[in-house]
Number of protein chains: 2
Amino acid sequence: MTFAPTELLREANLRVTGPRLAVLAEVEAHPHSTAEAIVEAVRDRLGTATIQSVYHILNALTDAHILRRIEPEGSPGRFELFRDDNHHHLVCRSCGEVSDVACTVGHAPCLTASDDHGYVIDAAEVIFWGTCPSCATQATQTPPTS
Amino acid sequence: MTFAPTELLREANLRVTGPRLAVLAEVEAHPHSTAEAIVEAVRDRLGTATIQSVYHILNALTDAHILRRIEPEGSPGRFELFRDDNHHHLVCRSCGEVSDVACTVGHAPCLTASDDHGYVIDAAEVIFWGTCPSCATQATQTPPTS
DNA sequence: AGCGTATCTATGAGTAATTCAAAAATGCGA
DNA sequence: TCGCATTTTTGAATTACTCATAGATACGCT
C-alpha cells in the first residue's frame with residue numbers, strides 16, 4: 001500500500017503529469033506490461049496517448065529508478081515498479097507471461113560468480129524458463145504435432 | 001579441441017556448406033559474436049555473404065542445438081557453440097563484452113526457484129552485470145561527468 | 001563422373017520495437 | 001497568472017530481424 005506515484009515523481013525531480021501517473025497506475029496494476037499494453041491502458045484513462053510518448057516516459061522513469069525494465073529473449077521489453085528486493089523472474093515459453101520469484105537462497109549465493117574474470121559485478125539477473133500452469137494444461141490436452 | 005564442424009552438421013542431418021562452416025569457424029574463434037560480426041567474418045573467408053543468409057544459418061544451427069543464442073538486454077543477439085555445461089554469462093555494461101562463468105555452486109542450487117508458481121521449469125539463465133577490467137580502468141582515468 | 005532433387009543461399013521486400021529531432025503544449029515556481 | 005523549462009506530440013528514421021520466392025548447391029544414387 002505504500003504506492004504514492006506523485007511522491008515518487010517529486011522525489012526524482014520529475015514533473016507530475018497525467019501521462020506519467022497513468023503509466024505508473026498501469027504498471028502497478030499489471031506488472032510486467034509491455035509498452036504496447038501500457039499505451040492502451042493510458043489511452044483508456046486519458047483518451048489519447050502516443051506510443052512514442054509512452055516510450056519516452058518509460059525511459060525517463062527507468063533512468064530515475066522508479067521502473068525497472070526486463071527483456072526476456074524474444075519478448076518486447078516489459079516494465080515493473082523498481083524494488084530493491086533482488087527478486088527474479090519466471091517466464092513462460094509458450095505465452096510469454098512473467099511472474100516474480102524471490103531469490104532462491106535468501107540473500108545472495110547465486111549472485112556471486114565463481115570466477116569474476118576481473119569484472120566489477122553490480123547485479124545478477126536470473127530468469128527461469130518453463131511452462132506456466134495454464135499452458136501446461138493446454139499442452140496436455142492438445143499435444144504439439146511433431 | 002574436439003571441434004569437428006563437419007560432423008556436428010552431419011549428425012544433425014544438415015548439409016555441409018561453405019557458409020555454415022564459415023559461421024561455425026567464426027563462432028568457435030570468437031564466442032558471443034553478433035550476427036553483424038559473423039557476416040563480416042564470413043565475407044572475409046568466402047568473399048560474399050548476405051546478412052539474411054547468416055541469420056538463416058544461425059537459426060538453423062540454433063534449432064539443431066549446435067549453437068546457443070544469448071541476448072543480454074540492450075544488445076543484439078549473440079551466439080556461442082552449444083555446450084550442455086550449464087554455464088552463465090558476465091556482461092560489461094560499458095562495452096557489451098560477454099564472458100563465460102561456470103555456475104557458482106557446482107550443479108544447480110541457483111537453478112531452483114523458491115516458489116515455482118506451478119510452472120514446469122526447464123532452464124535457468126543467469127546474467128551477471130558489471131564492468132569489465134578494461135572499461136573499469138578507463139572509467140578510473142576519465143570519470144563520467146555528471 | 002553425372003543427374004535429380006531436396007536442401008540451402010541470395011535477393012528483395014516487409015515488420016516490430018524502439019529512438020531521434022523539432023514543434024506544440026503543459027506544469028509549476030515566482 | 002505569467003514565463004520558461006520540462007513534457008508530450010508529431011513525423012521520420014533506425015536497428016534487428018523475418019518472410020517469400022527464385023536461383024544455386026550438396027550429395028545420394030546410378
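Order of the sequence lines sets the chain letters (A, B, ...), proteins ahead of strands, with each chain counted from 1.
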Could you give the side-chain donor-acceptor pairs of residues 64-80 of chain A under 3.5 Å, partners two or more places apart or in another chain?
| unit_1 | atom_1 | unit_2 | atom_2 | d |
| --- | --- | --- | --- | --- |
| A:Arg68 | NH1 | A:Glu80 | OE2 | 3.3 |
| A:Arg69 | NH1 | A:Glu71 | OE1 | 2.5 |
| A:Ser75 | OG | A:Arg78 | NE | 3.1 |
| A:Arg78 | NH1 | A:His32 | O | 2.9 |
| A:Glu80 | OE1 | A:His32 | NE2 | 3.1 |
| A:Glu80 | OE1 | A:His87 | NE2 | 3.4 |
| A:Glu80 | OE1 | A:His89 | NE2 | 3.0 |
| A:Glu80 | OE2 | A:His87 | NE2 | 3.3 |
| A:Glu80 | OE2 | A:His89 | NE2 | 3.4 |

Per-pair distances, 0.1 Å, donor-acceptor, side chain in residues 44-55 of chain B, under 3.5 Å, sequence neighbours excluded:
| unit_1 | atom_1 | unit_2 | atom_2 | d |
| --- | --- | --- | --- | --- |
| B:Thr50 | OG1 | B:Ser53 | N | 3.2 |
| B:Thr50 | OG1 | B:Ser53 | OG | 2.8 |

Start and end of chain B contact along DNA chain D [non-hydrogen atoms, under 4.0 Å] = D:dA16 to D:dC27

Closest heavy-atom pair and its distance - B:Ala124, B:His88 = O-CE1, 3.7 Å

If every non-hydrogen atom of A:Ala35 is compared with every non-hydrogen atom of A:Leu58, which pair is closest and at what distance?
-> CB-CD1, 4.0 Å

Side-chain donor-acceptor distances from residues 8-22 of chain B under 3.5 Å, at least two apart:
| unit_1 | atom_1 | unit_2 | atom_2 | d |
| --- | --- | --- | --- | --- |
| B:Thr17 | OG1 | B:Arg20 | N | 3.3 |
| B:Arg20 | NH1 | B:Arg15 | O | 3.0 |

Between the axis at one end of the helix from C:dA1-D:dT30 to C:dA30-D:dT1 and the axis at the other (five pairs apiece), what's the angle to 10 degrees?
-> 30°

Short side-chain N/O contact to C:dA10 OP1/OP2 from B:Thr50, under 4.0 Å = yes

What pairs with A:Asp84 under salt bridge (charged side-chain N to carboxylate O under 4.0 Å, His left out), at least two apart in sequence or on another chain?
-> none

By salt bridge (charged side-chain N to carboxylate O under 4.0 Å, His left out), B:Glu28 pairs with (sequence neighbours left out) none

Partners passing side chain to side chain donor-acceptor pair (under 3.5 Å) against A:His117 (at least two apart in sequence or in another chain) = none

Output all residues satisfying side chain to side chain donor-acceptor pair (under 3.5 Å) with A:Ser99, sequence neighbours left out; order by chain, then residue number.
-> B:Tyr119

B/S/- along nucleotides 16-30 of chain C (protein heavy atoms under 4.0 Å) is -SBBB------BS--

Check side chain to side chain contact (heavy atoms under 4.5 Å, CB included) between B:Ala41 and all other residues, then give those that pass, not counting sequence neighbours.
-> B:Glu26

Nearest-nucleotide 5' precedence on DNA chain D, B:Gly74 against A:Val54 | A:Val54

